[in-house]
Amino acid sequence: MEGTVTTEGADFQNHMYYYLIGLIHDKYNYSMLYEGDNNTYGALDDVILKIHDRDQSNCDALYLFQAKQTMKESKTLSIQDILHYTMNISKYINSYSTYRKSDEFHRSGAPAEMIYWSNYGLHADTMRFMQEHISDKPHLSLTIETIKKYSIKHWKALFMFDTAQKLANHCSPSPQQNIPKKPMTYLSETLAQSFAHEVLELVEDQADHTDGQDGKRMVKFRKQFLLGDTNLSDNAKHFRLSFLVACDIKHNNPFTKFDLNSLTSVTFYTDAFRMVTLKRIDVPVPMQCSFQYNGFDEDELEWFFKHFVFYVRVPKNDTMLVAIKNLFKDRWNIDILKKYLIDEPRKRREQAKKDEKQLPHRWFVTKASIEAVLKMVEVKNDPDSNSPELQQNVKIFISNFDQLLKGVGCKSFLEVPQLCKIMGIIYQNRIRKPNIQWHTNYEIGSIYDTFVQCVFENTVRGKFDEMDKLHVWAKELIEKEFYAKHSQLACELEYNNGNSIDDYGQLTRFGLTVTQSDTSKCVEFMHRTVMEYFLVRICVLGNVNREEFYYFLKRYFCVSRANIADKFIDFFLSDMKTLTVDKKHILSSYLHSSSSLLATCIRMALNNATFNTLRLLLATAPKGLLRNVYFRFGGSNTPQGSVAISEEKNEINVKRLGERQTLLLLATLKESDDEYTDSYDDGDNDEDERDENSDDRTVLQRMLFEINSDEEDTLEITRQNNGKEAVAKELSRPHSRMPKAPPGAVKFVPPPVTVDNGNLSTVSYVDTSIYPQHPIQQAVVFKPLPQMINAPEDESILVLPNQPISSRKSDPALGGSGPGTTALRTNINEVLTPFKGMSLKDFEQQRKQMEEQNRQKRDILHKAIEQHAQKTAAEASKIQEIKSELLKLDSELASDVAILRKQIDAASLHFSNVEKNYLNIENLFLKAKVELHQALEKKEMLTEHLCAIISHNEERKAKRLSELMEKVGITADDGFDDTLNGNNTCARDGNSGLDSPQSTRN
């Protein structure tokens, strides 16, 4: 790991990390972990790379990396370096064993490659055990020609090298003494004994020829072994290869190869094998014995060395940086990449380890996260990223985001990360435009609808040619499938129908769904609210069966204020025609299930401010239930009792509604009352539903003109509109005293109630003498219906133009009878005819004249139509030219917008980082200031304490010295020289000294 290496080693490891990102970023879907858990990956923990499938649900390939570098780039790895020292292959075998025992192995599977990434080379002797590695996977196609890939081909011979080297030293004419003992042994005694008799044979008995050294016997090589007989066992063949390499190293002559036949007659003492068990055998019989090491059998070791790969001769420093820059192109910034891909993930990982809240497999950095960082780098490197328009938009967005949301009552946006993310996606492309378009409708339904649409547009942007009709058609089909699939998934999740990743795996491309990493492999939405959006969409706009829609109503329709689905329902009900007649019938039967359910739903609709839902309730509810619903501005004055309680359940108190909500309620009730009246006029309701005692007034009339209204109703209406409690109380009690006319009032005597042909629209229920300009009087105006205009009974075109107008109108008494009158008979002789007083010749002449006039008019009309058609064709050509110019402008705008498309993410991310740094620095400053104050107080307190200790110590010393002086009979004024000379009178006579005048003075 980086914490245990030098700075140059850390840079080498970082460069490997960057190089791998640049190598695969544009080709595959992946995730990476920098410095994994040592308890999971062992020594192969520097970088962990996972290549995912398209759905990012499975791991197609896993790569484990270990980075090692040396200051001397010409250094090569010897056989002993691989076995024991610099590299130590056993460490990586143990690391693979550790990984196999971890949970991550069951989650991600066996690694495709375990890579030793190094700038070392391989020694020529080491290369005799190696082979060039050809990867089975195409993921790591290197762009640096100097990097070579090797794997250990003859790993069995490598494991036998220590024994072979020891044997080569013993058979040498000048054996080396005091060979250092190796840290570990790879070849077990059992395996060595299985082929020892194929390599060596005893010269004489151990009793006759001993060297005085324990365990050594005189032996010589078998001829079959030196010649490489084909009858040798597989282990003996591998040992011969290892022994030949050891002899070449011992021979140490680069110009000639060592000849094993030269050892035919050589006898020597050795303890390379367990010589005690070696017996004289004329014809050795090959024995098969498999390798085992650290719990792995031979097949598992074979798999390990096949997938353990050396990436050697990796360049360092400037050469590597050039290769990395060629991969990243214009998205290279080492400071940003190090901060957001190495430092920040490491801090979060360390904090998660302390809190024990995160699992190791969730520490991986996804391709999407890396893409966001690269976009930020691209924006930073883009010379056009600092355009004044973009900077101004970002500044407005950052400074006014909080104010924009709070201004419409959406304070919760700033407290919910999910909603902040939604707003970021909505403005992702808008903020790049010169004239930014702010989202004006902050209702939850509108925001989520815009968010889902932006998610789709952001995903498919740039993948279709808007000028190609086939591409436009394909985009429309994908968009239709996008909404259909998400809605279908929402239904399956809601109604507990199992879903498969094969059916909905492609939806993860849009980012609204995720795939569970457990064994279920199910697809779920990124958030519960997104699922509810699509569920409401399909239940309101789509086709669902009766049982599912009824279940949907019981669970989501007007159930609580915390239910966000009510907002979605209200949004999709903005057009009442979207709900089919069958669904309205189901809603009506649902409201019939309880007598108080309608009032409860209306209360919830008012609490949630979902007036489209309220309009649906009033339009769908049975009229019998609507008659029992009463709106009141306050509590009920009905007496206690079962009937009163039943009535209270259907009474809705709107006292707490604001001004805007009250006006919306009035408008909704007015619209509902119009439909209510029309339904009665059309005879839709049965006559049996209307009894003599039923209240046929509309809901709005019962709300505004309550028969038994109490003082609280009137008081609340007046208080809401006038805002003066004193005046409201006076206006609310017209029966107790004569009301005072407000300013501007005119004495008014109400006319008697009259009926105009059965029309009650001219009746006013508000006394304008008391309330001359009452808001309700102004808001609710019942206009009279227009009177029917009686058409003239005779308007024949044959009436002469010079005929008097009065003669064209028929007698009012003709053709009908009024109420209470008798119809008069018409005199046929007095009836006006077109031929009266006119000859046939004159009539024929006038007819021809009219025909000529009509023909001329027809010609003029044809010419006008032809001219208009020509003008229309010219205008159509101009419009086509304008459209082509507009398309050119749009294409130019699209190219300009494409440059700014990737800049907002960087600006937002930069702002969040700067704000985070500012808060951290501010917290550190405050903390340092407090610590400084505390340290100063502590310093002053310790100083005072020190002074007190010194003062107290001096007092004790003075007291102690005085006591000592008194003991020896010395006073402060005595001469010390006389005392030293023995002339002190106190010494001669202690009693007299006490009574002397000198003592008295002291």
Side-chain angles (χ1 to χ4, degrees), residues 11-36 41-54 56 58-69 77 87 89 92 95-96 99 104-105 108-122 130-153 303-316 319-329 331-332 337 341-342 364-371 374:
D11 293 339
F12 184 76
Q13 180 176 328
N14 294 346
H15 293 169
M16 176 186 68
Y17 186 50
Y18 303 146
Y19 181 76
L20 293 174
I21 292 175
L23 202 64
I24 64 175
H25 183 75
D26 296 331
K27 301 178 181 178
Y28 305 102
N29 190 11
Y30 68 95
S31 60
M32 299 186 73
L33 175 61
Y34 185 85
E35 294 183 350
Y41 302 101
L44 297 165
D45 63 343
D46 285 350
V47 173
I48 293 89
L49 169 63
K50 289 183 180 181
I51 304 296
H52 301 281
D53 55 9
R54 293 183 177 180
Q56 203 170 355
N58 297 319
C59 179
D60 278 353
L62 173 67
Y63 295 89
L64 308 179
F65 289 84
Q66 168 79 69
K68 289 294 181 181
Q69 62 87 34
L77 292 175
M87 178 188 170
I89 191 66
Y92 299 98
S95 299
Y96 175 62
Y99 172 70
E104 187 65 24
F105 176 79
S108 302
E113 288 183 5
M114 294 165 282
I115 299 172
Y116 185 83
W117 183 276
S118 174
N119 67 331
Y120 286 97
L122 294 178
M130 298 288 184
Q131 66 177 355
E132 187 175 355
H133 178 75
I134 300 176
S135 301
D136 297 334
K137 304 288 186 178
H139 307 131
L140 300 182
S141 300
L142 302 179
T143 60
I144 303 175
E145 295 181 356
T146 58
I147 301 178
K148 302 299 181 182
K149 302 180 183 180
Y150 296 101
S151 60
I152 301 176
K153 179 180 181 181
W303 185 94
F304 171 82
F305 284 104
K306 182 180 179 181
H307 294 83
F308 188 86
V309 186
F310 292 83
Y311 284 53
V312 296
R313 294 299 181 189
V314 178
K316 291 176 57 179
T319 307
M320 190 66 178
L321 287 175
V322 171
I324 296 173
K325 290 179 182 178
N326 292 335
L327 292 173
F328 281 87
K329 297 180 181 179
R331 303 200 289 184
W332 170 253
L337 294 179
L341 298 183
I342 296 178
F364 282 79
V365 181
T366 62
K367 179 181 179 180
S369 302
I370 297 177
E371 176 66 22
L374 295 180

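Contact record, Ser95 with Ala43: OG-N, 2.8 Å, taken as the closest heavy-atom pair. Shortest non-hydrogen contact noted between Gln66 and Lys68 is NE2-CE, 3.5 Å. A pairwise comparison of heavy atoms in Leu337 and Phe328 identifies CD1-CE2, 4.2 Å as the closest pair. Looking at every heavy atom in both residues, Ala323 comes nearest to Tyr19 through CB-CE1, 4.4 Å. Taking both residues in full, the closest heavy atoms of Gly36 and Leu33 are given as CA-CD2, 3.6 Å, listed atom of the first, atom of the second, then distance. Scanning all heavy atoms of the two residues, the minimum distance from Trp117 to Met16 falls at CG-SD, 3.4 Å.
Between His139 and Tyr63, the ring-plane angle classifies as perpendicular under the 30° and 60° cut-offs. Taking the six-membered ring where tryptophan is involved, the planes of Tyr116 and Tyr92 are perpendicular, since the angle between them exceeds 60° and thus also 30°. The aromatic rings of Tyr17 and Tyr34 lie tilted to each other, with the angle between the two planes from 30° to 60°.
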**Item:** Derivation and outcome, side chain to side chain contact (heavy atoms under 4.5 Å, CB included), residues Phe12 and Val314
**Value:** CA-CA 9 Å; Phe12 184 76; Val314 178; 4.0 Å; yes
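Taking NZ of Lys367 as the start and CG of Leu374 as the end, the distance is 10.5 Å to the nearest 0.5 Å. The OG atom of Ser141 lies 5.5 Å from the NZ atom of Lys27; values are rounded to the nearest 0.5 Å. Interatomic distance, CD of Glu371 versus CG of Asp26, reported as 7.5 Å (0.5 Å rounding). One finds the OH atom of Tyr18 at 8.0 Å from the CD1 atom of Ile324 (value rounded to the nearest 0.5 Å).
By the 4.5 Å heavy-atom criterion applied to side chains, Leu321 and Trp332 are counted as neighbours. Side-chain atoms of Gln13 and Glu35, non-hydrogen and from C-beta on, do get closer than 4.5 Å to each other. Contact check for Pro315 versus Ile147: side-chain heavy atoms found under the 4.5 Å cut-off. Between Tyr311 and Leu140, the closest side-chain pair of non-hydrogen atoms falls below 4.5 Å. Put simply, the side chain of Met130 reaches to within 4.5 Å of the side chain of Ile152, judged on heavy atoms. Side-chain contact between Ile144 and Met320 is present, with at least one heavy-atom pair separated by less than 4.5 Å. Taking the side chain as every heavy atom from C-beta outward, Tyr99 and Leu62 approach each other to under 4.5 Å. At least one side-chain heavy atom of Ile51 sits under 4.5 Å from a side-chain heavy atom of Ile24.
Residues in residues 303-316 take part in these salt bridge (Lys or Arg N to Asp or Glu O under 4.0 Å) pairs, two or more places apart or across chains: Glu8-Lys316.
A ring-ring contact (aromatic ring centres under 6.0 Å, His included) with His307 is found for one member of Phe310, Phe305, Trp303 and no other, namely Trp303.
Proximity of the aromatic rings of His52 and Tyr28 is defined here by a centroid distance below 6.0 angstrom, and this criterion is not met.
The number of heavy-atom neighbours closer than 6.0 Å to NZ of Lys149, taken from other residues, nucleotides and ligands shown, is above 12.
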